[in-house]
Amino acid sequence: MIHNRFQSLALGIVACSFFGCSLAPHYTRPEMPVPADLAVVTGAAGVDEKDAAAAVQQDISETGWAAFYTDPALQQVIGTALANNRDLAETALNVESFQAQYRIQRSELFPTVGADGSWTKQRAFSGGRYGTGEMYAVGVGVTAYELDFFGRVRNLNEEALAQYLAQTEVHRAAVISLVAETARAYLGLLADRELLAISENTLNNERESYGLVEQRFNGGIANNLELAQSRTMLERVRGSVAQYQLQREQDLNYLTLLTGTRLADPSTSGQRLEEHDLTLALPAGLPSSVLLQRPDIQAAEHQLRAANAGIGAARAAFFPSIRLTGNAGYMASDFDDLFDSATGVWLFSPSINLPIFTGGRLQAQLDVAELRKEAGIVRYEKAIQNAFREVADALAAQKWLAEQVAAQKAYVEASRQYYDFAVSRYKEGIDSFLTQLDAQRSLFEARQTYVILRLAQQNNQVNLFKALGGGWKE
């Protein structure tokens, strides 16, 4: 039967293509151009390096953002951002686009089988007279299917797959970045709210202080200098109140941009900045290999694999390409006889293309493919170096910011005692108002600096969590 012949032919074509070879170079992951170990300044000593690496990979890259950011208000803000952020939505659409491109390229691995039918009726002049004839035809066939003996099509498929996988990692990196940026914006809002509260509290105290000095001035006890000094501090703090009111409004606007919707002030229902403890405990002896879990590094490696496959496709272009076209069906002048065994027809038409002279085009294409791979190696190594610096900086800051916060907290307590003593001694007439003014300024600045350092400490933990690849899932 003609149908069985065509089926056997099609199966033979498909089977034949699987005996081809790939001309792509063997892929080897480049060595990491960074020290073997990260300078971990926190964590327990005496931990085996392999155990440390396994623990970090499990605990960080697989740790969801909801497990790290425990403030319910912050969790709600992050969830809203992930659902509505436009930049993240664009990266998700890019992933779908690359996936579609991969499906298109993958279809080249298989024959394109199509069926067709036609009916032709024609009146023509022949043999000195006019005649009318009909022709019916149906068939199924394969059109220009390439036998992939040298792996060109398979390498193009591998290239498209690697690019799609790279784009998925880009999207994962975008999720991590959005979560971290939203957390930093939220923490900044908490800090500005506390700085505003400090300024408003200090402003109330300064108003009382100014009223007291004014009473003493009216009573002839204080002089013009003391009254002017009190007013300078009052106006300075009033300016700080306006500054932090502005920053608070801008923080809310930024959160609106990140979340894609207007939010009520989430800082009024969440934790205070002081209550946030985002310390990320890490084991000692942390190897640099943990950086390979970062999505930006994985994306760079997928792009490198794509470039490697591109070399294989460029090399295969130097060799002959063989394409097969075949069809089988029935053709008859009478529709009733169309499917009669005697009306069966078939066509088998292989073609071969051997490049002989291309003006250097094929060699140039190979050179471009090899240069893309070299550039991919450079990008991959740069991504690792950048990741190493981010983690190393965050680890170094982890210890010293903790020292600064502790010292600043003690300084706030000392400044508060200094202020209490200065106020008491001024009221008793022992010291001048200048001493009290200096104490007021010291306490105000100490409280502000403590909040700013506390914010820097928590932001550093956010950065460390992001730098180790955590927070891409809930």
Side-chain angles (χ1 to χ4, degrees), residues 41-42 71 74 180-181 183-210 229-252 254-255 265 267-268 270-280 393-424 426 431 433-464:
V41 294
T42 61
D71 182 351
L74 175 55
E181 189 63 23
R184 284 193 290 263
Y186 177 80
L187 292 172
L189 176 61
L190 291 185
D192 287 336
R193 188 187 71 171
E194 292 192 22
L195 289 168
L196 176 60
I198 290 172
S199 298
E200 290 176 338
N201 177 260
T202 304
L203 180 62
N204 292 332
N205 292 337
E206 290 307 316
R207 282 172 175 162
E208 293 179 3
S209 177
Y210 181 77
Q229 288 171 336
S230 179
R231 185 178 178 184
T232 60
M233 186 63 183
L234 175 65
E235 297 302 332
R236 175 186 175 185
V237 176
R238 193 159 68 92
S240 293
V241 170
Q243 174 190 348
Y244 293 123
Q245 287 279 17
L246 172 61
Q247 290 183 197
R248 178 174 168 274
E249 291 289 334
Q250 291 175 336
D251 292 338
L252 287 171
Y254 187 40
L255 281 175
D265 187 349
S267 65
T268 58
Q271 299 173 341
R272 296 175 59 251
L273 183 64
E274 183 70 21
E275 297 170 341
H276 277 265
D277 185 12
L278 301 178
T279 302
L280 196 60
D393 284 351
L395 289 172
Q398 190 176 49
K399 176 180 179 180
W400 300 115
L401 280 173
E403 293 284 345
Q404 285 182 275
V405 169
Q408 189 65 28
K409 187 174 183 178
Y411 180 59
V412 170
E413 293 302 319
S415 297
R416 183 171 284 109
Q417 291 182 0
Y418 174 36
Y419 173 73
D420 292 340
F421 290 146
V423 170
S424 177
Y426 173 69
D431 283 332
F433 183 75
L434 186 60
T435 302
Q436 177 179 328
L437 181 63
D438 180 67
Q440 288 172 332
R441 289 173 177 171
S442 295
L443 178 59
F444 181 55
E445 292 174 356
R447 295 177 69 188
Q448 286 181 314
T449 303
Y450 175 73
V451 173
I452 293 171
L453 283 174
R454 181 65 178 168
L455 174 63
Q457 183 186 39
Q458 296 305 294
N459 278 338
N460 182 68
Q461 295 305 300
V462 172
N463 294 337
L464 180 57

Would you sort out whether R447 and T202 count as a side chain to side chain contact (heavy atoms under 4.5 Å, CB included), showing the intermediate values? CA-CA 10 Å; R447 295 177 69 188; T202 304; 4.2 Å; yes
Would you give the length of the straight line joining atom CD1 of I198 to atom OH of Y244, rounded to the nearest 0.5 angstrom? 8.0 Å
Non-hydrogen atoms of A397 and N460 that approach each other most closely: CB-OD1, 3.4 Å
For a quick check under 3.5 Å, do E274 and Y450 share a side-chain donor-acceptor pair by atom type? yes
Does either side chain, that of Q457 or that of Q461, offer a donor lying less than 3.5 Å from an acceptor on the other one? no
Sub-4.5 Å side-chain heavy-atom contact between E413 and Q417: no
Separation between CG (L187) and CZ (R454), nearest 0.5 Å, reads 9.5 Å
Heavy-atom closest pair, residues D71 and H276: OD2-NE2, 3.2 Å
Do the non-hydrogen side-chain atoms of T232 and R441 ever get within less than 4.5 Å of each other? yes
Measure the shortest side-chain to side-chain distance between M233 and F444 over non-hydrogen atoms and say whether it is less than 4.5 angstrom. yes
How far does CD of Q436 sit from CG of D420, to the nearest 0.5 angstrom? 10.5 Å
Does any part of the side chain of R272, heavy atoms only, come nearer than 4.5 Å to the side chain of L190, both counted from C-beta? no
Other residues, nucleotides, ligands: >12 heavy atoms within 6.0 Å of F421 CZ: no
Any D265 side-chain heavy atom under 4.5 Å of L189 side chain: yes
Is any side-chain heavy atom of Y254 less than 4.5 Å from a side-chain heavy atom of E181? yes
If I take atom CG from residue L196 and atom CD from residue Q243, how far apart are they, to the nearest 0.5 angstrom? 10.5 Å
Rounded to the nearest 0.5 Å, what separation is found between the CD atom of E200 and the CG atom of L195? 11.5 Å
Separation of S240 OG from R238 CZ (nearest 0.5 Å): 11.5 Å
